[in-house]
Protein chains: 2
Amino acid sequence: MRKSSTRRAPEFERLELYLKERGLKMTAPREMVLRAFLGLERHVSAEEIFAEARRLDASIGQATVFRTIKLLADAGLAREAYRDDGTRQFEHAYRHEHHDHLVCVSCGVIVEFVDPAIERAQETIYRAHGFESVQHHLELRGTCPACKKAGR
Amino acid sequence: MRKSSTRRAPEFERLELYLKERGLKMTAPREMVLRAFLGLERHVSAEEIFAEARRLDASIGQATVFRTIKLLADAGLAREAYRDDGTRQFEHAYRHEHHDHLVCVSCGVIVEFVDPAIERAQETIYRAHGFESVQHHLELRGTCPACKKAGR
DNA sequence: CTTTCTGCAAAGTGTTTGCAAAAAC
DNA sequence: GTTTTTGCAAACACTTTGCAGAAAG
C-alpha cells in the first residue's frame with residue numbers, strides 16, 4: 001500500500017529519506033515548511049518562510065520554522081547565505097549548483113551567475129596558499145539598469 | 001599655540017577633520033576607540049574593539065564604542081565587513097585598498113589577496129548585466145595548511 | 001508505549017536608542 | 001551658555017532553547 005506520488009516533488013522524498021535515516025519523523029509542520037520554502041522564489045529570509053508557512057497553516061510556530069529550516073539545510077535542500085550587508089537568506093540547494101550573486105543595492109534584485117574563469121582563478125588562489133577549498137562566494141553589489149535609469 | 005603632533009598617526013587628524021567638518025566634537029572616548037581599533041590587527045569584531053578600548057579606559061561604555069565605530073566607518077577609517085558565516089567584522093580602511101579574503105574555517109586565520117584577473121572579470125560581469133559597480137567582495141573559505149596538517 | 005516533535009514563552013545574541021548628567025567648544 | 005556626547009539601562013531584532021503536552025512510529 002503506497003500513497004500516490006504523482007505530483008510529489010523529489011524534495012519531499014529527499015527530506016523523508018533524510019529523516020528516516022536518522023530516526024526522525026516526518027510531520028505535517030515539516031512538510032508545510034518545505035512546501036512554503038519551495039513555493040517561494042529564491043533568496044528568502046527566515047521571516048518570509050515563516051510568513052508563507054503560516055499562510056499554509058496558521059497554527060505553525062516560529063520555532064518550528066527555524067528548526068525545520070536547519071533540517072532542510074542539513075538535508076541539502078536549502079543553502080544558508082549571508083549577504084554582504086549581514087542579512088541572512090536561504091536559497092534552494094537541491095539541484096541548484098554553486099553560483100555567485102550580483103545584487104542591486106537599491107531595489108534588492110539578485111542575478112545569479114557563474115564565471116568559469118573566476119572559478120578557475122579561485123582554485124589557483126587556494127593552491128597558491130596551500131588551502132583546501134571548502135566553499136566560496138563572490139558578491140557583486142551595484143545598481144541595476146532599472147534603478148540607474150530611475151536615478152536611484 | 002599648536003600641540004605636538006610628532007607621533008600622531010594621520011588617522012587621528014583624519015577623524016578630527018571629519019568631525020570638525022560637521023560640527024561634531026573630538027572627545028577622549030572617541031580618541032580611545034580609534035586608538036584601540038588602530039592598535040588591534042585587522043578583522044576585529046565590535047566586541048574586541050570594546051574590550052580593547054576598555055583596557056585603555058575602563059569607564060568607556062559599550063554604546064559609545066558602537067557609535068564611534070560608525071563614525072570611523074563614515075570617516076573612511078574603518079570598513080565594515082560581514083563574513084559568509086554572518087559575523088560582523090571591521091578592518092582598517094585608511095590607506096588599505098580593496099582586497100578579498102581567504103578564510104580558514106577551522107582556526108579563523110585570514111589571508112588578504114587581490115587577483116587582477118578576477119577584478120577584471122568582475123567588471124566584465126557588471127557590464128554584461130548593465131549594472132553599475134558599487135562594491136564587491138570575494139570570500140574563499142577553506143582549511144589552512146596548518147589545520148590540514150593537524151587533521152582539523 | 002516510547003521517542004520525537006510542537007507551540008509557547010522565556011532566554012540569548014549582538015546592536016541600537018532614550019535619557020539625564022557631563023564635557024566640548 | 002549652547003550643543004553635542006557620554007554611560008547606563010531599556011529596547012530591539014533575530015534566533016535558540018526549555019518545557020509540558022501532542023503526535024509519530
Side-chain angles (χ1 to χ4, degrees), chain A residues 1-3 12 15-37 44-51 53-75 78 80-83 85-90, chain B residues 1-3 12 15-37 43-75 78 80-83 85-90:
Chain A
M1 210 187 322
R2 58 183 177 71
K3 56 186 141 179
F12 288 94
L15 179 57
E16 251 162 17
L17 180 64
Y18 172 88
L19 293 173
K20 187 161 291 175
E21 276 174 4
R22 43 209 84 197
L24 304 179
K25 297 167 180 176
M26 179 50 113
T27 65
R30 284 178 178 167
E31 210 171 315
M32 228 45 92
V33 172
L34 176 53
R35 196 183 298 178
F37 176 59
V44 285
S45 63
E47 194 187 10
E48 287 169 297
I49 298 175
F50 177 46
R54 264 258 152 110
R55 241 177 33 80
L56 300 179
D57 169 0
S59 75
I60 207 163
Q62 183 159 247
T64 300
V65 171
F66 274 97
R67 286 186 278 233
T68 304
I69 289 175
K70 194 164 290 174
L71 284 178
L72 297 184
D74 289 347
E80 182 187 56
Y82 284 92
R83 287 281 97 80
D85 63 3
T87 58
R88 186 197 200 188
Q89 302 202 322
F90 300 91
Chain B
M1 207 186 325
R2 58 186 177 72
K3 54 188 140 178
F12 288 93
L15 179 59
E16 250 161 18
L17 181 64
Y18 172 87
L19 294 173
K20 187 161 294 177
E21 276 173 3
R22 42 209 86 200
L24 304 179
K25 295 167 181 178
M26 179 49 114
T27 66
R30 285 178 177 167
E31 209 170 315
M32 228 44 92
V33 172
L34 177 53
R35 196 184 297 177
F37 175 60
H43 307 114
V44 285
S45 63
E47 193 188 10
E48 286 170 296
I49 298 174
F50 177 45
E52 179 67 9
R54 263 258 153 110
R55 242 178 32 81
L56 300 178
D57 169 0
S59 74
I60 207 163
Q62 183 160 247
T64 301
V65 172
F66 274 96
R67 287 187 277 233
T68 305
I69 289 174
K70 194 164 291 173
L71 283 178
L72 298 184
D74 289 346
E80 182 186 57
Y82 284 91
R83 287 280 97 79
D85 63 4
T87 59
R88 186 197 201 186
Q89 302 202 321
F90 299 91

Among the candidates [options], find the nucleotide nearest to the side-chain atoms of [X].
{"X": "A:Arg88", "options": "D:dT16, D:dG7, C:dT16", "result": "D:dT16"}
{"X": "A:Pro29", "options": "D:dT15, C:dT16, C:dG7", "result": "C:dG7"}
{"X": "B:Thr64", "options": "C:dG7, C:dT15, D:dT6", "result": "D:dT6"}

Sequence neighbours excluded, which residues qualify as side chain to side chain donor-acceptor pair (under 3.5 Å) partners of A:Arg55?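 With sequence neighbours excluded, A:Arg55 shows a side chain to side chain donor-acceptor pair (under 3.5 Å) to A:Glu52, given in chain and number order.
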Between [atom2] of [N] and [atom1] of [X], the distance in whole Å:
{"X": "A:Glu31", "N": "C:dT4", "atom1": "CD", "atom2": "P", "value": "21 Å"}
{"X": "B:Glu48", "N": "C:dT15", "atom1": "CD", "atom2": "P", "value": "11 Å"}
{"X": "A:Arg54", "N": "C:dT6", "atom1": "CZ", "atom2": "P", "value": "14 Å"}

5'-most by nearest nucleotide on DNA chain C - A:Leu71 or A:Ala63: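 In this pair, the answer is A:Leu71.
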Are OP1 or OP2 of D:dT16 and a side-chain N or O of A:Lys70 less than 4.0 angstrom apart?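 Yes.
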Are A:Arg30 and C:dT6 close enough that a side-chain N or O sits under 4.0 Å from OP1 or OP2? yes
A cation-pi test, strictly: NZ or CZ of B:Arg22 under 6.0 Å from the centre of the six-membered ring of B:Tyr18 and no more than 45 degrees from its axis. Yes or no? yes
At a cut-off of 3.5 Å, list every protein nitrogen or oxygen paired with a nitrogen or oxygen from nucleotides 19-24 of chain C, distance to 0.1 Å.
| from | atom 1 | to | atom 2 | distance (Å) |
| --- | --- | --- | --- | --- |
| C:dA24 | N3 | B:Lys25 | NZ | 2.9 |

Looking at every strand, decide which applies to A:Gln62 at a 4.0 Å heavy-atom threshold: base, sugar-phosphate, or nothing. base
Please report the end-to-end axis angle for the helix from C:dC1-D:dG25 to C:dC25-D:dG1, five pairs per end, rounded to 10 degrees.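 Answer rounded to 10°: the end axes differ by 30°.
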